[in-house]
Amino acid sequence: MRTLGPAMGGIAVGGIMGHVVRADAALFGRIGRDRTRVVETPSGAVLSWAALHLLAEHGYRWRPSGEPERPDAPVGDLLHVDLTIEHAPSGRLVLGATPARFLQAFGRTVTYAPDESAEPWSSSELTARAERRAPTPTTVVVGSADDAVGGILVVERGPRTVFETLRVVVAIRDRRTVRDGLEAGLQSVSLGRHPQSGLFSTSRGRLDGVTDPVLRGPTTPLAVFAGARAVRARDLAGRAADLGGRPVGSARAPGFVFWFAGDEPDRWRAAADLARGVRGSGLRRTPSARDDDNRTGEVR
């Protein structure tokens, strides 16, 4: 990929028809230097899922140029994951392991790398580098060998808390398995850990790890997860079942996942009803007793 200077108020990314813009070292460097919040691509260019999440993390908007052409690409169901997990600092903590366990519930094995052009890091290397950079957040690319998962993992370390925020797209093999996979994944990361919050939505799109302006459908809310601390903070424990929540995790102090059923309008209405039911936005994580005023991967 060739990067050019800012044009038309944004970052211009050069390339040939069908070029894939990836979250490589050049893109990481550019978003760290530029003050603009628009990335422009030529006609036919597409963004990898990791690049799309990286730009969103820094507040960028994608502006494709030219007349789009309909590509010949596989299209299917996509799951969008935005999950924040809290850990207590420990010498035994291995970063990346918990998000990977969550994605294994969907039959996906993932790797972490500093960017899409680099070799993957081991879990111990990710942990060591994030510790050295603390309290500055560490952002790494999440991928899989079959391009079925793509996005980013943001690690934020403080003296009393460690947060991992997973923002990825997952290609879905069978939409009938999504609900079971999601609940199994949340259960797996709840044992001995503290998932704070999660937003999950679906869309139709390309299944080969990229997003293009033609084959990109709107996202529709599928479920929201509130961890045990959020449930206590909002006094939801006695009302969660009435609001449609299903317990996940410890029987003594569970979190709750709230499903939105039906077609797209029904799911949006259900999400709005839930937000009203918890007196405003119940979709954001709440500060823990160990919060140390660092930015904490808030669900957006």
Side-chain angles (χ1 to χ4, degrees), residues 79-90 93-106 137 142 151-158 160-168 170 178-201 221-260 270-271 273-300:
L79 175 66
H80 302 260
V81 174
D82 194 331
L83 177 66
T84 298
I85 300 164
E86 179 186 5
H87 306 272
S90 167
L93 176 61
V94 179
L95 293 172
T98 306
R101 185 176 297 109
F102 171 82
L103 292 167
Q104 284 172 355
F106 299 94
V142 182
I152 60 173
L153 177 70
V154 181
V155 178
E156 297 160 290
R157 296 189 66 114
R160 296 185 297 278
T161 50
V162 179
F163 288 94
E164 293 183 284
T165 300
L166 179 69
R167 297 191 174 105
V168 296
V170 183
V178 172
R179 180 165 178 151
D180 288 344
L182 188 52
E183 290 196 359
L186 288 171
Q187 181 71 31
S188 73
V189 302
S190 295
L191 302 177
R193 299 165 187 85
H194 304 285
Q196 281 281 333
S197 60
L199 290 174
F200 308 98
S201 58
L222 175 67
V224 62
F225 172 77
R229 284 198 177 97
V231 169
R232 289 197 300 271
R234 293 188 176 274
D235 194 26
L236 289 176
R239 299 185 295 124
D242 293 338
L243 292 170
R246 286 172 55 86
V248 175
S250 166
R252 183 174 59 85
F256 286 86
V257 59
F258 300 84
W259 291 97
F260 309 131
D273 289 344
L274 176 63
R276 285 191 292 269
V278 293
R279 302 187 187 94
S281 174
L283 308 184
R284 294 178 179 271
R285 67 167 294 275
T286 55
S288 76
R290 297 196 304 273
D291 207 334
D292 48 4
D293 296 325
N294 289 321
R295 201 182 74 79
T296 51
E298 181 178 77
V299 171
R300 299 170 180 173

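We number each residue from 1, following the sequence as shown. Remember, it's a predicted structure, so these values are computed and weren't measured experimentally.
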A.B. asks: Would you check if Leu153 and Leu95 make a side-chain contact, meaning some heavy-atom pair closer than 4.5 Å?
C.D. replies: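 No - every pair of side-chain heavy atoms lies 4.5 Å or more apart.
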A.B. asks: Side-chain contact, heavy-atom cut-off 4.5 Å: Phe256 with Leu243?
C.D. replies: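 They are not in side-chain contact.
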A.B. asks: Search all heavy atoms of Val257 against all heavy atoms of Ala223 and return the closest pair with its distance.
C.D. replies: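 Smallest heavy-atom distance, with atoms named: CG2-CB, 4.0 Å.
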A.B. asks: To the nearest 0.5 angstrom, please state how far the OG atom of Ser188 sits from the CD atom of Glu183.
C.D. replies: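 Atom-to-atom, Ser188:OG and Glu183:CD are 12.0 Å apart.
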A.B. asks: Nearest 0.5 Å, please: how far is CD in Glu86 from CZ in Arg160?
C.D. replies: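 If we round to the nearest 0.5 Å, Arg160:CZ and Glu86:CD are 11.5 Å apart.
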A.B. asks: Of all heavy-atom pairs between Phe106 and Val178, which one has the smallest distance, and what is that distance?
C.D. replies: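 Looking at all heavy atoms of both residues, the closest pair is CE2-O, 3.9 Å.
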A.B. asks: Closest heavy-atom contact between Ala105 and Gly181?
C.D. replies: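 Looking at all heavy atoms of both residues, the shortest contact is CB-O, 3.4 Å.
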A.B. asks: Looking at CZ of Phe260 and CG of Asp273, how far apart are the two atoms once the value is rounded to the nearest 0.5 Å?
C.D. replies: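 The distance works out to 9.5 Å.
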A.B. asks: List in chain and number order the residues that pass side chain to side chain contact (heavy atoms under 4.5 Å, CB included) with Ala228, two or more places apart in sequence or in another chain; answer none if no residue qualifies.
C.D. replies: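 Partners of Ala228 under the side chain to side chain contact (heavy atoms under 4.5 Å, CB included) test: Arg232, Ala253.
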A.B. asks: Report yes if some heavy atom in the side chain of Ile152 is under 4.5 Å from a heavy atom in the side chain of Thr165; otherwise report no.
C.D. replies: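 No, too far: nothing below the 4.5 Å cut-off.
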A.B. asks: Are the side chains of Leu83 and Phe200 in contact, using a 4.5 Å heavy-atom criterion?
C.D. replies: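 They are in side-chain contact.
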A.B. asks: Say you draw a straight line from CZ of Arg101 to CD1 of Ile85; how long is it, rounded to the nearest 0.5 Å?
C.D. replies: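 Result: 9.5 Å between the selected atoms.
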A.B. asks: Distance check, rounded to the nearest 0.5 Å: Leu166 atom CG versus Glu164 atom CD?
C.D. replies: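 Interatomic distance, Leu166 CG to Glu164 CD, rounded to 0.5 Å: 8.5 Å.
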A.B. asks: For the pair Gln196 (side chain) and Ala230 (backbone), establish whether a donor and an acceptor sit closer than 3.5 Å, ignoring hydrogens and angles.
C.D. replies: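 Not confirmed, Gln196 side chain does not pair with Ala230 backbone.
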A.B. asks: Going by ring pair (Phe, Tyr, Trp, His ring centres under 6.0 Å), name the residues that satisfy it together with Phe258, two or more places apart in sequence or in a different chain.
C.D. replies: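 None.
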A.B. asks: Taking all non-hydrogen atoms of both residues into account, name the closest pair between Pro254 and Pro247 and its distance.
C.D. replies: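 Closest approach of Pro254 to Pro247, heavy atoms only: CB-CB, 4.0 Å.
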A.B. asks: Give the minimum heavy-atom separation between Ala226 and Val231, together with the two atoms involved.
C.D. replies: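 Minimum heavy-atom separation between Ala226 and Val231: O-CG2, 3.7 Å.
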A.B. asks: Among residues at least two apart in sequence or on other chains, which ones pass salt bridge (charged side-chain N to carboxylate O under 4.0 Å, His left out) with Asp180?
C.D. replies: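 Asp180 satisfies salt bridge (charged side-chain N to carboxylate O under 4.0 Å, His left out) with no residue once adjacent residues are dropped.
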A.B. asks: Taking the side chain as every heavy atom from C-beta outward, state whether Arg179 and Leu182 have any pair of such atoms under 4.5 Å apart.
C.D. replies: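 No; the side chains remain at least 4.5 Å from each other.
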